[in-house]
*Asks:* 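Here it is, the structure in full.
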Amino acid sequence: EGVPGSSPGPGTDLYQKVFAWIQKYERHLSALAMVAGFVFDNLFFERIDLWQTQAVFALYTAVCFITIPLLHWIEARASRGILPPRWRSVLPITTQFALGGFWSGFVIFYSRSAVFGVSWPFLLFLFLLFLGNEYFSRYHSRLVFTSALFFFALYSYAIFAVPIYTGTIGTLTFIGSGVVAICVFALFIILLRFVGRERFIADIGRIRVWAFLIFVVINVSYFTNILPPLPLSAEHAGVYHSVWRVPGAYMAKNEINQPWQVRYLGFTPTLHVIPGEWLYAYGAVFAPTALATTVVHRWQWYDPIRKAWTTKSVISYPIIGGRDGGYRGHSAFPVRDVGKWRVNIETDDGRIIARLPFTVELVATPSSVETITLK
């Protein structure tokens with residue numbers, strides 16, 4: 001309140017105009033915050049293990065950890081008749097920026113690691129969250145809604161952050177990621193209880209139910225191999241007539257005269273082989289620095305009689321992370337059956353990093369090939 005007979009200063013007047021403008025255009029600013037988060041992620045997110053990437057995700061976590069309880073505190077005070085401050089309208093927008101940044105970052109990294117035919121349900125859910133972030137802006141002031149989204153973001157982040165810091169990947173590491181996410185969320189819940197007990201007690205039951213459902217969905221997705229095998233991703237992969245290593249590079253003989261749909265759109269190629277010819281599967285698998293694991297090449301042929309994929313060969317080799325273009329390796333198998341083939345590049349626990357489908361046709365003379373340098 002001003003002193004009787006005096007007028008607000010220019011600073012106070014500007015302060016009131018700014019927050020009045022924010023309240024008037026809150027919906028548009030929320031949409032802008034979502035776009036800004038996506039642009040910000042694309043500028044910073046080159047490699048998943050860079051400190052800049054981890055710093056951005058840590059910033060998103062800190063913003064949600066602060067703004068959601070702070071808004072909860074303001075709403076709890078408002079229920080007791082205390083007028084909220086003008087800057088209250090900034091908090092949902094800030095929370096939306098952080099959550100939008102989470103979703104766009106997850107879309108970027110999870111899509112890099114995923115095989116769409118396997119992980120499409122999880123990728124679709126992430127993409128819908130990203131697109132729906134602006135639509136759900138009206139709910140970002142609701143404690144249950146934002147708390148549930150924050151737990152999902154925490155869990156999804158921990159899944160690829162914990163392997164980076166432990167240098168391991170697998171079921172135990174995934175379980176450890178869940179423990180980390182639950183512990184951070186427990187601290188968040190304690191903070192909510194501290195700043196607004198009455199409102200917290202009214203909502204905590206629903207927060208726990210949603211957190212439990214998210215925990216179940218993510219674990220089911222992991223153990224059914226729907227969840228992409230982050231932080232691993234295939235930087236380059238393909239099937240060739242021959243692959244060999246020279247100092248500093250890998251070379252391959254690639255079949256020429258493939259249709260434009262294969263060369264430019266990634267359609268399934270048809271390889272023309274003579275009976276008993278060996279084909280080679282090549283894969284450059286990115287892993288964070290210091291992460292050591294095993295990569296498996298699983299050669300499979302589709303049996304048209306049984307109408308099922310039959311594993312013909314399983315070849316594994318160890319990899320060590322750190323190279324920008326991925327750790328390079330290859331396997332070979334003598335192909336004798338015509339029809340549909342595929343090579344699954346997997347983790348040692350069966351999680352698919354890349355899938356290389358191709359069709360085999362037998363010919364009497366070797367097909368025309370060109371020598372290329374592999375990435």
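Values in this document were obtained by computation on a predicted structure and should not be read as measured data. Basis for what follows: all heavy atoms, side chains included, without hydrogens, waters or symmetry-related copies.
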*Asks:* For Ile315 and Trp299, which heavy atoms make the closest approach, and how far apart are they?
*Replies:* CD1-NE1, 4.2 Å
*Asks:* Does the His72 side chain pair with the main chain of Val195, one donor and one acceptor, at a distance under 3.5 Å?
*Replies:* no
*Asks:* Evaluate side-chain contact (heavy atoms from CB on, under 4.5 Å) for Val63 paired with Phe97, printing each intermediate quantity in order.
*Replies:* CA-CA 9 Å; Val63 167; Phe97 172 81; 5.9 Å; no
*Asks:* Check whether any side-chain heavy atom of Leu271 lies under 4.5 Å from a side-chain heavy atom of Trp341, and answer yes or no.
*Replies:* no
*Asks:* Give a yes or no on whether Ile372 atom CD1 has more than 12 heavy-atom contacts from other residues, nucleotides or ligands under 6.0 Å away.
*Replies:* yes
*Asks:* With a sphere of 6.0 Å drawn around CD1 of Ile82, does it hold more than 12 non-hydrogen atoms of other residues, nucleotides or ligands?
*Replies:* yes
*Asks:* Considering only heavy atoms from C-beta outward, does the side chain of Glu255 approach that of Pro269 to under 4.5 Å?
*Replies:* no
*Asks:* Please say yes or no: joined through hydrophobic side-chain contacts below 4.5 Å, possibly via intermediate residues, are Leu172 and Val162 part of one cluster?
*Replies:* no
*Asks:* How long is the span from the CG atom in Leu192 to the CG atom in Leu70, to the nearest 0.5 Å?
*Replies:* 11.0 Å
*Asks:* Is a side-chain donor-acceptor pair under 3.5 Å present for Thr67 with Thr95?
*Replies:* yes
*Asks:* When rounded to the nearest 0.5 angstrom, what is the spacing between CZ in Phe109 and OG1 in Thr53?
*Replies:* 4.5 Å
*Asks:* Strictly distance-based, threshold 3.5 Å: is any side-chain N or O of Ser119 a donor or acceptor partner for the main-chain N or O of Ile226?
*Replies:* yes
*Asks:* Hey, mind stepping through Thr173 and Thr168 against side-chain hydrogen bond (donor to acceptor under 3.5 Å, both in side chains) and telling me if it holds?
*Replies:* CA-CA 7 Å; Thr173 305; Thr168 60; 2.8 Å; yes
*Asks:* Any sub-3.5 Å donor-acceptor pair from Gln258's side-chain atoms to Thr270's backbone N or O?
*Replies:* yes
*Asks:* Do Ile214 and Val184 share a hydrophobic cluster, counting only Ile, Leu, Val, Met, Phe, Trp and Tyr and linking them when any side-chain heavy atoms are less than 4.5 Å apart?
*Replies:* yes
*Asks:* Test your reading of the model: is there a side-chain donor-acceptor pair from Glu370 to the backbone of Ala252, 3.5 Å cut-off?
*Replies:* no
*Asks:* Answer whether the closest heavy-atom distance between the side chains of Phe333 and Leu279 falls below 4.5 Å.
*Replies:* no
*Asks:* Please test Lys340 against Phe358 for side-chain contact (heavy atoms from CB on, under 4.5 Å), starting from the C-alpha separation and ending with a verdict.
*Replies:* CA-CA 6 Å; Lys340 296 180 181 179; Phe358 59 99; over 6 Å; no
*Asks:* Out of Arg199, Arg142, Arg88, which residue meets the salt bridge (charged side-chain N to carboxylate O under 4.0 Å, His left out) rule with Glu75?
*Replies:* Arg88
*Asks:* On a heavy-atom basis, which atom in Ile68 and which in Ser147 lie closest, and how many Å separate them?
*Replies:* CG2-OG, 4.4 Å
*Asks:* Closest heavy-atom contact between Gly283 and Ile345?
*Replies:* CA-CD1, 4.1 Å
*Asks:* Any chance you could lay out the side-chain contact (heavy atoms from CB on, under 4.5 Å) test for Glu277 and Val363, step after step, and finish with the verdict?
*Replies:* CA-CA 10 Å; Glu277 180 182 350; Val363 293; over 6 Å; no
*Asks:* Check whether any side-chain heavy atom of Val360 sits under 4.5 Å from a side-chain heavy atom of Trp301, and report yes or no.
*Replies:* no
*Asks:* Taking all non-hydrogen atoms of both residues into account, name the closest pair between Tyr282 and His236 and its distance.
*Replies:* CE2-CD2, 3.6 Å
*Asks:* Given side chains that start at C-beta, do those of Ile169 and Arg351 come closer than 4.5 Å, heavy atoms only?
*Replies:* no
*Asks:* Within a strict 4.5 Å, meaning less than it, do heavy atoms of the Asp49 and Leu291 side chains meet?
*Replies:* no
*Asks:* Atom CZ of residue position Phe212 - does it have more than 12 heavy atoms of other residues, nucleotides or ligands inside 6.0 Å?
*Replies:* no
*Asks:* Could you point out which residue of Phe215, Trp103, Tyr157 forms a ring pair (Phe, Tyr, Trp, His ring centres under 6.0 Å) with Phe152?
*Replies:* Trp103
*Asks:* Are Phe151 and Phe188 packed together at the side-chain level, in the sense that at least one heavy-atom pair is separated by less than 4.5 angstrom?
*Replies:* no
*Asks:* Would a single hydrophobic cluster contain both Ile353 and Tyr327, if residues Ile, Leu, Val, Met, Phe, Trp and Tyr are joined by side-chain heavy-atom contacts under 4.5 Å?
*Replies:* yes
*Asks:* Give me each pair satisfying salt bridge (charged side-chain N to carboxylate O under 4.0 Å, His left out) with a member in residues 279-303, each pair once, sequence neighbours excluded.
*Replies:* Arg298-Glu346
*Asks:* Transitively linked via ILVMFWY side-chain contacts under 4.5 Å: Leu356 with Tyr302?
*Replies:* no
*Asks:* Would you name the heavy atoms of Ala287 and Leu232 that are closest together and state the gap between them?
*Replies:* CB-CD2, 3.5 Å
*Asks:* Calculate, to the nearest 0.5 Å, the distance between atoms OH and CZ belonging to Tyr110 and Phe122 respectively.
*Replies:* 4.5 Å
*Asks:* Are Phe286 and Arg47 close enough, and set up right, to give a side-chain contact (heavy atoms from CB on, under 4.5 Å), and what steps lead you there?
*Replies:* CA-CA 9 Å; Phe286 171 80; Arg47 272 178 48 163; 3.6 Å; yes
*Asks:* Could you give the distance from CD1 (Ile274) to CZ (Arg336), rounded to the nearest 0.5 Å?
*Replies:* 12.0 Å
*Asks:* With a cut-off of 6.0 Å (strictly less than), are more than 12 heavy atoms of other residues, nucleotides or ligands near OH of Tyr317?
*Replies:* yes
*Asks:* Tell me whether Ile320 shares a hydrophobic cluster with Val285, the cluster being built from Ile, Leu, Val, Met, Phe, Trp, Tyr side chains joined at under 4.5 Å.
*Replies:* no
*Asks:* Determine whether Tyr240 and Leu374 make a side-chain contact, defined as any pair of heavy atoms from C-beta on separated by less than 4.5 Å.
*Replies:* yes
*Asks:* Measuring from atom CZ of Phe150 to atom CZ of Phe65, what distance do you get when rounded to the nearest 0.5 angstrom?
*Replies:* 6.5 Å
*Asks:* Check the angle between the aromatic planes of Tyr250 and His330 and answer parallel, tilted or perpendicular using the 30° and 60° thresholds.
*Replies:* perpendicular
*Asks:* Between Tyr155 and Ala181, which heavy-atom pair has the shortest distance, and what is it?
*Replies:* CA-CB, 3.7 Å
*Asks:* Using a 6.0 Å cut-off, check whether atom CH2 of Trp309 has over 12 heavy atoms from anything other than its own residue.
*Replies:* yes
*Asks:* At what distance, to the nearest 0.5 angstrom, does CE of Met251 lie from OG1 of Thr371?
*Replies:* 6.0 Å
*Asks:* Report yes or no: do His297 and Ser331 form a side-chain donor-acceptor pair below 3.5 Å?
*Replies:* yes
